[in-house]
Structures are given as structure tokens and as C-alpha cells.
Student: 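Here it is, the structure in full.
Predicted model, so just to flag it, every value in this text is computed and none were measured.
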Amino acid sequence: YGSVLVHECGHAIAAEKNNVAVNGITLWVLGGVAKIELKNITSRKELEIAVAGPIVSVVIGVTASTLTIITAVASGPELLTLYVLLVAILNGSIAVFNLLPVFPLDGGRILRASLKQKYDHVTATKYAVKVTQGSVVVLFIYGVTSIEPFVLLLSVFVYQQSKKELRQTVENNRYDKHKKAVTSIL
């Protein structure tokens, strides 16, 4: 979980740099999440925050790969070389996986931030969720045909989280509209 925690800290640090509130980091069996207040932020800030985690994972992965080569060439302890290689592979995998354009992964947030340059926040979220749900169908079919229970579980989780993201976005938008209406009346 150390690599996941550092990845999420990358998001939290980027959020703090952009004056966006961070309400903690939670680690799960399938990963982690930095609880960041993404409501009403610009597409640039959302993009910076979303790419920060994968960048941290890539930096750790490249550093660990370099250390793997150094320990192997220097005939260092084999166990150390294997451990550092595992750290490199794990962090590279975390970066690549998180860049898939699906919610709740960083790639889904990067996709939404890119779409927000042309569309409003709700519409951008709807399009990003549609991409997620199409990807999940492919993932689910792969899980069924290859008899991969983890892939099936992951596809169901991602589908549910994408629906939750869309629902929260729509509800927040309604709340903001009602709040503006009440404020304008007063």
C-alpha cells in the first residue's frame, strides 16, 4: 500500500498547490483515493491534480528501475535487486492502470478535464462516464470469457463508481442552481 499512498499524496499535494481542499486519503483493497473537493474547479486545476498521482508513480517506477540496474550491475544482494524490481513494476503498473480513461481512475478525471474545455462540468462528466461504461462492458466481457473473477469484480466496481460520480455531479449542479435562485430572490 506504500506505493498507492504515495500516489494519492501526489494528488493531495497538487490539490494543495492549487488551493483546493483535501479531506484526507483513504486506502482500499482495490487502491486508494485522495478526498479532494473538486466542485467548481477549473479544468486546468482538475487536470493538474489528476496527472499528479501517475507522475509520482512514474518517477518512483523509473527510479526503482534505475536502482534495479545499479544493484544488478554492482552484484548487489539478489533479494534487494528483486525487491527494487518489484517496486518498479508495481509503480509502473499503477501509473498505466490509473491512466485508463475511466472513472474513478485518474484517466477518467483527465478525460473530463479535457472535455471541460469544450463542455460544462455536467456534460463533460456525462461523456466521460459514457466512455467509462463502454470500457467496462469490454472489461466485463473479457472477465467472463477468460474466467477472471478479479476482472469481473473490478468492472462492476468501476461501473458503480462511474454512476456514483455522475449522480453526485448532477446533484451538486442542481443544488448550486437552487442556491443561486434562492440567493437571487433574497
Student: State, to 0.1 Å, how close Val158 and Val136 come at their nearest heavy-atom pair, and which atoms those are.
Tutor: CG1-CG2, 3.5 Å
Student: Does a sphere of radius 6.0 Å around NZ in Lys126 hold more than 12 heavy atoms from other residues, nucleotides or ligands, not counting ones at 6.0 Å or beyond?
Tutor: no
Student: With clusters defined by side-chain heavy atoms of hydrophobic residues (ILVMFWY) lying less than 4.5 Å apart, directly or transitively, does Val58 cluster with Ile94?
Tutor: no
Student: Show the nearest heavy-atom pair for residues Gly61 and Ala88, with the distance to one decimal.
Tutor: O-CB, 3.6 Å
Student: Report all side-chain donor-acceptor pairs from residues 66-77 shorter than 3.5 Å, counting only partners two or more places apart or in another chain.
Tutor:
unit_1 : atom_1 : unit_2 : atom_2 : d
Thr66  : OG1    : Val62  : O      : 2.9
Thr68  : OG1    : Ala64  : O      : 2.8
Thr68  : OG1    : Leu85  : N      : 3.2
Thr71  : OG1    : Leu67  : O      : 3.0
Thr71  : OG1    : Thr68  : O      : 3.0
Thr71  : OG1    : Thr81  : OG1    : 3.0

Student: How close do Ala113 and Ser43 get, counting heavy atoms only, and between which atoms?
Tutor: O-CB, 3.2 Å
Student: Let me know which of Lys164, Lys163, Glu165 forms a side chain to side chain contact (heavy atoms under 4.5 Å, CB included) with Gln161.
Tutor: Lys164
Student: How close do Phe103 and Gly108 get, heavy atom to heavy atom, and via which atoms?
Tutor: CZ-O, 3.8 Å
Student: Test side-chain hydrogen bond (donor to acceptor under 3.5 Å, both in side chains) on His121 and Asn172 and set out the steps.
Tutor: CA-CA 11 Å; His121 184 73; Asn172 287 341; over 6 Å; no
Student: Applying the 4.5 Å side-chain criterion to the ILVMFWY set and letting contacts propagate, would Val151 and Val138 be lumped into a single cluster?
Tutor: no
Student: To check you understand the geometry: which heavy-atom pair defines the closest contact between Pro54 and His7, and what is its length?
Tutor: N-CE1, 3.3 Å
Student: Using a 6.0 Å cut-off, check whether atom OH of Tyr127 has over 12 heavy atoms from anything other than its own residue.
Tutor: no
Student: Please say yes or no: joined through hydrophobic side-chain contacts below 4.5 Å, possibly via intermediate residues, are Leu90 and Val84 part of one cluster?
Tutor: no
Student: With the 4.5 Å side-chain cut-off for hydrophobic clustering, are Leu115 and Val102 part of the same group?
Tutor: no
Student: Do Asn18 and Arg44 touch side chain to side chain, with heavy atoms closer than 4.5 Å?
Tutor: yes
Student: Test Val20 against Glu48 for side-chain contact (heavy atoms from CB on, under 4.5 Å), laying out the working first.
Tutor: CA-CA 11 Å; Val20 176; Glu48 284 182 22; over 6 Å; no
Student: What's the verdict on side-chain contact (heavy atoms from CB on, under 4.5 Å) for Asn23 and Ile36, showing C-alpha distance, side-chain angles and the deciding distance?
Tutor: CA-CA 6 Å; Asn23 301 317; Ile36 297 170; over 6 Å; no
Student: Could you check if a side-chain atom of Val129 sits within less than 4.5 angstrom of a side-chain atom of Thr125, using non-hydrogen atoms only?
Tutor: yes
Student: Could you walk me through whether Asp106 and Val51 pass the side-chain contact (heavy atoms from CB on, under 4.5 Å) test, one step at a time?
Tutor: CA-CA 7 Å; Asp106 302 329; Val51 300; over 6 Å; no
Student: Taking Tyr142 as the starting point, is it possible to reach Leu153 by hopping between hydrophobic residues whose side chains are less than 4.5 Å apart?
Tutor: no
Student: Can you check side-chain contact (heavy atoms from CB on, under 4.5 Å) on Val131 and Leu111, steps first, answer last?
Tutor: CA-CA 9 Å; Val131 169; Leu111 175 60; 3.9 Å; yes
Student: What heavy-atom pair brings Ala50 and Arg109 nearest, and what distance separates the two atoms?
Tutor: CB-CB, 3.8 Å
